[in-house]
2 protein chains.
Amino acid sequence: MAPRPAEFVFEQTISFVLARTSTAFRNSLEKSMATIGLHAGQAFVLIELWKRNGQRQIDIASQLNLAAPTVSKMIKGLVEINLVRVQKVEDDARSTRAFVTEKGLAIRAEVETQWHELEEYTLADLNETERLILFDLLSKLRNTYTGRDPEEDE
Amino acid sequence: MAPRPAEFVFEQTISFVLARTSTAFRNSLEKSMATIGLHAGQAFVLIELWKRNGQRQIDIASQLNLAAPTVSKMIKGLVEINLVRVQKVEDDARSTRAFVTEKGLAIRAEVETQWHELEEYTLADLNETERLILFDLLSKLRNTYTGRDPEEDE
DNA sequence: TTTATTTTATTAGCTGGCTAACCAAATAAG
DNA sequence: CTTATTTGGTTAGCCAGCTAATAAAATAAA
């Protein structure tokens, strides 16, 4: 491990910039999703269900690297606004599967539009090469923090 | 603005990866700071005060791109554990200035050590070039989201 | 000078995250 | 078969963020 410099400047660490950027981005995402009546966390759950409908909460949590209670709350919110319904699994009385409703399916186009808009705004100052590199580097960081196997998503 | 592709894959957007990476990083930072009895948010306030002691809450909020109530709570927590004290400004009865206590000054070395350790862990899979590029790209994103003037930090 | 506006900070209440503790069901061990 | 462990989910309670609403002080405007 590299030695800690004598005069440590927090602002010049990637950790610092990543943290501040994260917060700022989160606000933007929340605002973006709010325009279509969603919270950011709910959008992530929907994205997961659009990919594989009927997942159990623990599966969603695993995919998004979230804790079980976090997903539990998000799904509760989605059920309340009729975008998702839950259904007991017949052969396992512990788990419940989450399914998108018709309304939950219908909202996908709006989410995509908003998401794409935010993405463009995010990357406005970056050229194509920078975009590819940033995606790659962020993916590496994610793998580092979550200990996940790269390329395990399809 | 580029057209939204026919089949939109959320997972392949930088927004998606950034969001998931952010959450994972936040957890790591929180755990890291917890080893020295701090919360992540409190660390950021301390970092600001170490740089310029006696700042008003609104100054700190501005520097960190946080809302006033957020900083208010963080400082309250820091005061409770005797790392920060607040003092009324004599010529402006609205604002209070925050100062690090002796204990708040003394903890700096520990925070630096922990921070540096997390930074090394974060960047373990990245070479020097990638580190520089990542810092630069994240800074760009931060500027995009916060609308801040680049290079305004010293 | 009086009134209107802006500024600083706090409180209340929300979502996004977490851990700890708990329950019930499924499975493994004995 | 009975007990112990693991697993899926919820509840409670915490911090990191936010907005809206409020209060008080400072400033600008009339």
Side-chain angles (χ1 to χ4, degrees), chain A residues 18-35 37-46 54-81 86-98 145-146, chain B residues 18-35 37-46 55-62 64-81 86-98 145-146:
Chain A
L18 177 55
R20 303 327 316 155
T21 305
S22 299
T23 299
F25 169 73
R26 264 288 169 172
N27 292 342
S28 299
L29 179 60
E30 186 69 28
K31 271 174 191 151
S32 171
M33 291 300 108
T35 65
L38 281 181
H39 290 289
Q42 298 175 335
F44 283 104
V45 171
L46 285 176
Q55 289 188 70
R56 297 172 305 164
Q57 298 191 187
I58 197 176
D59 299 325
I60 298 170
S62 169
Q63 286 290 317
L64 296 173
N65 305 115
L66 294 174
T70 302
V71 175
S72 184
K73 281 190 211 171
M74 289 170 178
I75 288 184
K76 184 181 288 185
L78 284 167
V79 169
E80 275 171 12
I81 58 178
V86 291
Q87 188 176 314
K88 273 290 169 189
V89 176
E90 61 288 343
D91 59 334
D92 190 332
R94 290 170 304 180
S95 29
T96 54
R97 295 191 179 280
Y145 293 128
T146 61
Chain B
L18 177 55
R20 301 327 315 153
T21 305
S22 299
T23 299
F25 169 73
R26 263 290 170 169
N27 292 342
S28 298
L29 179 61
E30 186 68 27
K31 273 176 190 149
S32 171
M33 291 299 109
T35 66
L38 282 181
H39 290 289
Q42 298 175 334
F44 283 104
V45 171
L46 285 175
Q55 289 188 72
R56 298 173 305 164
Q57 297 190 188
I58 197 177
D59 299 325
I60 299 170
S62 169
L64 296 173
N65 305 115
L66 293 174
T70 302
V71 175
S72 183
K73 283 189 207 170
M74 288 171 179
I75 287 184
K76 184 181 287 185
L78 284 167
V79 169
E80 276 172 11
I81 58 177
V86 291
Q87 188 177 312
K88 274 289 168 189
V89 176
E90 62 287 344
D91 59 333
D92 191 332
R94 290 171 302 180
S95 27
T96 54
R97 295 192 178 279
Y145 293 128
T146 62

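Below, chain A is the first sequence line, B the second, and so on; all start at residue 1.
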Measure the distance from [atom1] on [X] to [atom2] on [N] and round it to the nearest whole Å.
X: B:Lys88; N: C:dA9; atom1: NZ; atom2: P; value: 7 Å
X: B:Lys31; N: D:dC15; atom1: NZ; atom2: C1'; value: 15 Å
X: A:Arg97; N: D:dG9; atom1: CZ; atom2: P; value: 9 Å
X: A:Asn65; N: C:dT19; atom1: CG; atom2: C1'; value: 17 Å
X: A:Asn27; N: C:dG16; atom1: CG; atom2: C1'; value: 11 Å
X: A:Ile81; N: C:dT15; atom1: CD1; atom2: C1'; value: 12 Å
X: A:Gln42; N: C:dC14; atom1: CD; atom2: P; value: 14 Å
X: A:Lys73; N: D:dA16; atom1: NZ; atom2: P; value: 15 Å

Task: Listed partners of A:Phe25 passing ring pair (Phe, Tyr, Trp, His ring centres under 6.0 Å), at least two apart - done: B:Tyr145
For a quick check of understanding: with a heavy-atom distance under 4.0 Å over all strands, which category does [X] fall into, base, sugar-phosphate or nothing?
X: A:Ala67; value: base
X: B:Thr23; value: sugar-phosphate
X: A:Lys76; value: sugar-phosphate

Task: Secondary structure string for DNA chain D (Watson-Crick or G-U under 3.5 angstrom, | for other-strand pairs) - done: ||||||||||||||||||||||||||||||
Does the side chain of [Y] come within less than 4.5 Å of [X]'s, by heavy atoms?
X: A:Ile75; Y: A:Val86; result: yes
X: B:Leu18; Y: B:Ser22; result: yes
X: A:Leu46; Y: A:Leu38; result: yes

Open item on the list: Check the phosphate of D:dA16 against B:Thr70, side-chain N and O only, distance under 4.0 Å to OP1 or OP2. Yes or no?
Closed with: no
- [ ] Enter the distance from B:Thr146:OG1 to B:Leu66:CG here, rounded to the nearest 0.5 Å.
- [x] 11.0 Å
Non-hydrogen atoms of [X] and [Y] that approach each other most closely:
X: B:His39; Y: B:Glu30; result: ND1-OE2, 2.7 Å
X: A:Ile81; Y: A:Gly37; result: CD1-O, 4.3 Å
X: A:Ala93; Y: A:Lys88; result: O-NZ, 3.2 Å

Open item on the list: Quick check on side chain to side chain donor-acceptor pair (under 3.5 Å): which of A:Gln57, A:Arg56, A:Gln63 does A:Asp59 satisfy it with?
Closed with: A:Arg56
Open item on the list: If you assign each of A:Pro69 and A:Ala40 to its closest nucleotide in DNA chain C, which residue comes earlier from the 5' end?
Closed with: A:Ala40
Polar atoms only, N or O, under 3.5 Å: list the protein pairs with nucleotides 2-8 of chain D and their distances.
| unit_1 | atom_1 | unit_2 | atom_2 | d |
| --- | --- | --- | --- | --- |
| D:dT7 | O2 | A:Arg94 | NH1 | 2.9 |
| D:dG8 | OP1 | A:Arg56 | NH1 | 3.1 |

TODO: Test A:Thr23 against B:Leu64 for side chain to side chain contact (heavy atoms under 4.5 Å, CB included), laying out the working first.
DONE: CA-CA 10 Å; A:Thr23 299; B:Leu64 296 173; over 6 Å; no
- [ ] Among the candidates C:dG16, D:dA26, D:dT10, find the nucleotide nearest to the side-chain atoms of B:Ala93.
- [x] D:dA26
Task: Of the listed nucleotides C:dT15, C:dC18, D:dA26, the one nearest the side chain of A:His39 - done: C:dT15
